[in-house]
Amino acid sequence: MRPYAIKLLCAAVTATFATAAVPAFAAEDAAFWYQDGQAALAEAKRLHPNMRRAKNVIFFVGDGMGVSTVTAARILEGQLQNRDGERNQLAFERLPYLALSKTYSVNQQTPDSAPTMTAMVSGIKTNDGMFGIAPAVQRGEKDGAVIDANKVASLLQLAERAGRATGVVTTARVTHATPGATYAHTSERNWERDTQVPAGATARDIASQLIDNFGAGKVGDGIEVVLGGGRREFLPNTLNDPEDAGAKGRRGDGRNLAAEFERKFNGQFVWDKAGFDNFDPASGKRLLGLFAQSHMEYEHDRANDTGGEPSIAEMTGKAIEVLKHNDKGFFLMVEGGRIDHAHHAGNAYRALTDTIALSDAVRKAMEMTDPEDTLIVVSADHSHVFTIAGYPKRGNPILGKVVTPGKNAPDYALAQDGNPYTTVSYANGRGYHVDVPGDDVYGAPVAAGRVADMRSVDTTDPDFHQEALVPLSAETHAGEDVAIYAGGPKAHLFHGTREQNYIFHVMQDAFRGKHGGKDDGANEHD
């Protein structure tokens, strides 16, 4: 099987510039830029739509990965590797087709992850806070019959019906909104376990649906591989957690869903890096890996995890190894879930390094699959109020303080208050903090606004939190369009500015084949 990197024609010239010796900026004269444009044009002219039926579809979601996040992560990756950050490209930026996605939900201009993921994997827009159901349902609906009557099928469920293998990979809890929307239906995204469902409600919690929605007489034969965090939602509150001393599961119904996965689906449950590494994808067993009580570590902190955690690229590779044994093909969803969380905490370093980690996962998928039969789509559910501003000179550290062309640090550009400012910042959130790791900021006072002279502060430090304008308990999502990157069968259908639910319809059409015929239920909804 030939890897994506060989077959995606438009990647050739951009990859060359991204990996070759970086020319001095002074050498980038008019002739350089003209030749650069002509080379890119020549590569683009070689592109031909792939009208084949997709055997496999891999859908990557960078949770909260807006365009400014992609831009900053691109620059940071290059700079961390001592290369030209501005001319660098993330792996998914080398995919040949691009479109914009309008992310609003039925009831909000700026959405959350539940309706946006429903749009992307089920083809319909719905209301905030709920997923896998039509917008006619009110958030928090307790009647399970009402929820069941308004279910909409996800592409994962349709793939299950068609006999394909399926997989879910995330760095968040596997019951969180983005992964949950691939297999569950709920009127409240926070009902991740039974103890969170209101007393007297007949609605089902999200974790139990990973088991109960599949099997004999239901949808397909069960998900082949599920990897991420959220162990506490699957284990009873009488059972000690295998990794965290003194901690227990949080289910109140006595169910051990990890053990049920093993019994019902001929599965194997692993909770640490050793178990993950030792799992044999050729064993014929299904794999449930839950590597944290709650969310997995940020990529920056992953090496410090007690039990060890696989990277998102490693999880993606293992998932493909498991899924590829199905001759009918597979559907795999991979989420970089903690990009979003780092932005909420106002910690750009962790948001950007988790974006780079997602790029590594896309690269792994491209290396392991063939673009002739595998559609790869990369997008985001929504953006964040994260901005790149000022007039920094070319090559200035993207996480640094603004230094204008012709100047050198510490001769920083100054704001009207006489103090320097960073290139990246947030429109709202908890604000400026120094030496506060990631989510620890929630234990510190909100410090929005211009609160300090940063001349002596290392703003590139991983534990630095950027300034924010409006004081809030957490930074918020943003409402602008996000990008869609694609390569493989039917990828050319991603063009222009589209409603977010269009993503589902292209992926579904890729599974149908050249003439758009019905594919074993793959164009039906519940």
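Residue numbers start at 1 and run along the sequence shown.
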Donor-acceptor pair, side chain of Asp194 and main chain of Gly252, under 3.5 angstrom: yes
Between Asn213 and Arg204: side-chain donor-acceptor atoms closer than 3.5 Å: yes
Residue pairs, two or more places apart or on separate chains, that pass salt bridge (charged side-chain N to carboxylate O under 4.0 Å, His left out) and touch residues 343-360: Asp301-Arg350, Arg350-Asp463, Asp360-Arg363
Side-chain H-bond candidate by donor/acceptor type, His185 with Gln209, under 3.5 Å: no
Contacts of type side-chain contact (heavy atoms from CB on, under 4.5 Å), residue Ala319, not counting sequence neighbours: Val169, Val225, Leu332
For Glu260, side-chain hydrogen bond (donor to acceptor under 3.5 Å, both in side chains) partners two or more places apart: Arg255
Short N-O contact, Lys248 and Asp241, less than 4.0 angstrom: no
Crowding at CD, Gln138 (>12 non-hydrogen neighbours, <6.0 Å): no
Parallel, tilted or perpendicular: rings of Phe386 and Tyr426 (30°, 60°): tilted
Minimum side-chain heavy-atom gap Met117-Phe131 below 4.5 Å: no
Selection residues 330-347 - residue pairs positive for salt bridge (charged side-chain N to carboxylate O under 4.0 Å, His left out), sequence neighbours left out: Arg338-Asp439
Neighbour count >12 (heavy atoms, 6.0 Å) for atom NZ, Lys125: yes
Arg173/Glu192 salt bridge by N-O under 4.0 Å criterion: yes
Side chains of Asp128 and Gln108, donor plus acceptor under 3.5 Å: yes
Over-ring placement of Arg302 relative to Phe291, 6.0 Å and 45° cut-offs: no
Nearest-0.5 Å distance, CG of residue Leu288 to CD of residue Glu262: 8.0 Å
Residue pair His343 / Thr69, side-chain donor-acceptor N/O under 3.5 Å: yes
Test side-chain contact (heavy atoms from CB on, under 4.5 Å) applied to Ala491 - qualifying residues, sequence neighbours left out: Tyr97, Leu375, Ala486
For Thr476, side-chain contact (heavy atoms from CB on, under 4.5 Å) partners two or more places apart: Val385, Asn428, Leu472
From NZ (Lys218) to CD (Gln157), nearest 0.5 Å: 12.5 Å
Residues Lys490, Asp509: salt bridge by 4.0 Å N-O rule: yes
Side-chain H-bond candidate by donor/acceptor type, Ser383 with Glu480, under 3.5 Å: yes
Test item: side-chain donor near acceptor, Ser113 and His382, under 3.5 Å: yes
Over all atoms of both residues, closest heavy-atom pair of His465 and Asn347: CE1-CB, 3.5 Å
Salt-bridge present (Glu233, Arg251; N to O < 4.0 Å): no
Step-by-step side-chain hydrogen bond (donor to acceptor under 3.5 Å, both in side chains) determination, Gln293 to Asp244: CA-CA 8 Å; Gln293 277 271 78; Asp244 298 331; 4.6 Å; no
Pair Tyr183-Glu160, side-chain donor/acceptor within less than 3.5 Å: no
Salt-bridge contact Arg430-Glu475 (side-chain N to carboxylate O under 4.0 Å): no
Salt-bridge present (Asp305, Lys273; N to O < 4.0 Å): no
